[in-house]
Peer 1: 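My questions all concern the structure below.
As the structure is a prediction and not an experimental result, all values here were calculated from the model.
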Amino acid sequence: MARNELRPIIRLRSTAGTGYTYVTRKNRRNDPDRMTLRKYDPVLGRHVDFREER
């Protein structure tokens with residue numbers, strides 16, 4: 001597999017509706033579904049769930 005196919009760049013958007021995003025890579029073999037991570041949202045000033053958008 002090529003590098004971009006195995007570990008694509010994804011954007012994680014805040015579920016709080018602030019529009020803040022993180023950009024990262026994920027391994028498709030380990031995480032084939034949409035990824036959800038709990039990260040810090042500086043607009044709100046607290047941790048919220050960030051969900052992968054496509």
Peer 1: Without swapping roles, check the side chain of Thr15 against the backbone of Asp49 for a donor-acceptor pair under 3.5 Å.
Peer 2: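 Answer holds: yes.
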
Peer 1: Taking atom CZ of Arg38 as the centre, does the number of heavy atoms from other residues, nucleotides or ligands within less than 6.0 Å exceed 12?
Peer 2: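 Enclosed: over 12 neighbouring heavy atoms sit under 6.0 Å from CZ of Arg38.
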
Peer 1: Does any donor atom in the side chain of Arg11 or Thr21 lie under 3.5 Å from an acceptor atom in the other side chain?
Peer 2: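 Yes, side-chain donor-acceptor contact under 3.5 Å.
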
Peer 1: Is it the case that the side chain of Tyr22 and the backbone of Tyr40 share a donor-acceptor pair, with hydrogens and angles ignored and the cut-off at 3.5 Å?
Peer 2: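 Confirmed, Tyr22 side chain pairs with Tyr40 backbone.
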
Peer 1: Kindly give the heavy-atom pair with the smallest separation between Lys39 and Phe50, and that separation in Å.
Peer 2: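 Closest approach of Lys39 to Phe50, heavy atoms only: O-CE1, 3.5 Å.
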
Peer 1: Can a donor-acceptor pair be found, under 3.5 Å and without considering hydrogens, that links the side chain of Lys26 to the backbone of Ile10?
Peer 2: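 It does not hold such a pair.
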
Peer 1: To the nearest 0.5 Å, tell me how far Leu12 CG sits from Arg51 CZ.
Peer 2: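 Going from CG on Leu12 over to CZ on Arg51, the span is 11.0 Å.
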
Peer 1: Should Met35 and Leu6 be counted in the same cluster of Ile, Leu, Val, Met, Phe, Trp and Tyr side chains packed under 4.5 Å apart?
Peer 2: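 Shared cluster, no.
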
Peer 1: Kindly compute the distance separating CZ (Arg7) from CG (Asp31), expressed to the nearest 0.5 Å.
Peer 2: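 Reported to 0.5 Å precision, the distance equals 9.0 Å.
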
